[in-house]
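First the proteins, then the strands, lettered A, B, ... as listed; each starts at 1.
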Number of protein chains: 2
Amino acid sequence: MIRIIIAEDQLLLRGALAALLSLEDDIEVVAEANDGLEALKLIKLHKPNVLVTDIEMPKYSGIEVAQKLKRENSNIRILIVTTFARPGYLQRARDAGVTGYILKDTSSDELSQAVRTVASGGTVIAPELSQASWVLPDSLNDREREILRLAEAGKTNKQISKALNLTLGTVRNYLTEAMHKLGASNRIEAFRTARENGWL
Amino acid sequence: MIRIIIAEDQLLLRGALAALLSLEDDIEVVAEANDGLEALKLIKLHKPNVLVTDIEMPKYSGIEVAQKLKRENSNIRILIVTTFARPGYLQRARDAGVTGYILKDTSSDELSQAVRTVASGGTVIAPELSQASWVLPDSLNDREREILRLAEAGKTNKQISKALNLTLGTVRNYLTEAMHKLGASNRIEAFRTARENGWL
DNA sequence: TTTCATTGATGACATATGTCACTACATTTT
DNA sequence: AAAATGTAGTGACATATGTCATCAATGAAA
């Protein structure tokens, strides 16, 4: 029997996933979490074999949960079920020891099959991601990432420089550098590209 | 018996919604659509009582589908189930004759109850929205909207002016005006605010 | 220890953005 | 017909943004 926990903040989908997976003879849903923090607590409590989780959730993202579990040398298997086919997400997920990554645009059959594969030590990657767009490596550094995030929030260079205790000129330099790395010709293109690739 | 069609592009959620609603004795799922266009075709074919639909879908959005149905004087009831609590969406949905608007973060019980209410001629609005709706009226005009959309895509004023056959100065004037209306101090804040309110 | 990479800074420059007052014209309203 | 409204434009101005070459301090690697 494969014991699983489901972490997903959309109640409707969470309930549905639980219902669908409970129908399988070899799968038992032992708990459901509404956010990353709750997921961690429930995992410690129930020691399931597999965590089926969304990425974008309150408290901790699915990727952060995976990172924490890895740091604790947990031997739980993780299957991420997300809307976003973002190369950067997949990259970080794999680095965090995640062995399953599928999209919400798959069938319930594929979902339960993925749970089984992951539970038995296998790897499942959504076909949309397995080949495509590896091409761009994330070359942004932390400063560039921070600055892009603030730019995305509508901050001016001056506000960014105050927030990060940097000079106005330095902020502009980092932004220029980020734009070059991303092939963007202004800050808006830059943070959009970074966001779409899952680098923010 | 309430005959319904479900339109939702995420396969997993669509299947789950269908499964959940099929469990109810008084509800029958007669078809499922993957996008707005398919939904319209299936409605003509099956003449269901209620359309349960997402907003953000390929081909036509749920709101566009509602608008087309209204123009054809269809007497189908529409229940929108969406992730987004955006006042502007709700506003446009109501203008299109939609009588149900709930969030994906509700329970399956509330969902089936909402279907019944809408089917019998009632109205259901997510509580998160029923108050917030009239906070800010959407005072943007079409030009401002277009320009904000292009700005959001990372276009410069010059590119926008070429795309819309306007003068550079005119584009800047519209942008300034939009920023004033939205209480924003630059284009990024402007299109973010507009987007969050569902005005783009 | 010398070299190298990283991180942050400066200054000068061109271009883009945002602000405002005012104009012009066509279409509605009154 | 006169007034109001909507749509687009001009010009002048200040500030923000993006580009580059160059410099300095620090810490890690050779």
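- We find that A/Arg116 and A/Glu24 are joined by a salt bridge, their nearest charged nitrogen and carboxylate oxygen being less than 4.0 Å apart.
- Atom pair A/Glu177:CD and D/dG18:P shows a separation of 14 Å (rounding to whole Å applied).
- Applying the side-chain contact (heavy atoms from CB on, under 4.5 Å) criterion to B/Lys104, with sequence neighbours excluded, gives A/Gln10, B/Glu8, B/Leu13, B/Asp54, B/Val81, B/Thr83.
- Applying the side chain to side chain donor-acceptor pair (under 3.5 Å) criterion to B/Glu38, with sequence neighbours excluded, gives no partner residue.
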Polar atom pairs (N or O), protein with nucleotides 20-29 of chain C, under 3.5 Å:
residue, atom, partner, partner atom, Å
C/dC20, N4, B/Asn173, OD1, 2.8

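- We find that A/Arg145 and A/Asp142 are joined by a salt bridge, their nearest charged nitrogen and carboxylate oxygen being less than 4.0 Å apart.
- Here the C1' atom of nucleotide D/dA8 and the CG atom of B/Leu164 are 12 Å apart, to the nearest Å.
- Between the C1' atom of C/dT19 and the CG atom of B/Leu182 lies a distance of 16 Å, rounded to the nearest Å.
- Rounded to whole Å, atom P of D/dT7 lies 11 Å from atom CD of B/Glu146.
- Taking atom CD1 of residue A/Ile160 and atom C1' of nucleotide D/dG18, one finds them 13 Å apart after rounding to whole Å.
- Residues passing the side chain to side chain donor-acceptor pair (under 3.5 Å) test with A/Gln67: none are found, sequence neighbours excluded.
- The distance between atom NZ of A/Lys155 and atom C1' of D/dA16, rounded to the nearest whole Å, is 16 Å.
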Quick test: give all pairs of protein nitrogen or oxygen and nucleotides 12-15 of chain C nitrogen or oxygen below 3.5 Å, distance rounded to 0.1 Å.
none

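- To the nearest 0.5 Å, atoms CD1 (A/Ile43) and OG1 (A/Thr53) are separated by 8.0 Å.
- Summarising the geometry, the separation between CZ on B/Arg187 and P on C/dA16 is reported as 11 Å, rounded to the nearest angstrom.
- Every residue was checked against the salt bridge (charged side-chain N to carboxylate O under 4.0 Å, His left out) condition with A/Asp109, not counting sequence neighbours, and none meets it.
- Looking at residues two or more places apart in sequence or on another chain, you find a side-chain contact (heavy atoms from CB on, under 4.5 Å) between A/Arg143 and A/Asn141, A/Glu146, A/Leu164, A/Leu166, A/Tyr174.
- Taking the side-chain contact (heavy atoms from CB on, under 4.5 Å) definition, one finds that A/Arg172 meets it with A/Asn157, A/Leu168, sequence neighbours left out.
- For the helix from C/dT1-D/dA30 to C/dT30-D/dA1, the rotation axes defined at the first and last 5 base pairs enclose an angle of 30°, given to the nearest 10°.
- A sub-4.0 Å separation between OP1 or OP2 of C/dT17 and a side-chain N or O of B/Asn157 is present.
- Scanning for side-chain contact (heavy atoms from CB on, under 4.5 Å) contacts around B/Ala66 gives B/Ile78, B/Ala96, B/Val98, with sequence neighbours left out.
- The pair A/Lys181-A/Glu144 counts as a salt bridge, with a side-chain nitrogen and a carboxylate oxygen less than 4.0 angstrom apart.
- With sequence neighbours excluded, the residues satisfying side chain to side chain donor-acceptor pair (under 3.5 Å) with B/Ser185 are B/Glu189.
- Atom CG of A/Leu175 is separated from atom P of D/dT17 by 9 Å (rounded to the nearest Å).
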Provide a list of protein-nucleic acid N or O atom pairs under 3.5 angstrom, restricted to nucleotides 3-8 of chain C.
residue, atom, partner, partner atom, Å
C/dG8, OP1, A/Arg143, NE, 3.3
C/dG8, OP1, A/Arg143, NH2, 3.1
C/dG8, OP2, A/Arg143, NE, 3.2
C/dG8, OP2, A/Tyr174, OH, 2.6

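- Between A/Asp25 atom CG and A/Ile2 atom CD1 the span is 11.0 Å, to the nearest 0.5 Å.
- A salt bridge is defined here as a Lys NZ or Arg NE, NH1 or NH2 lying under 4.0 Å from an Asp or Glu carboxylate O, and B/Glu64 with B/Lys68 fails to meet this definition.
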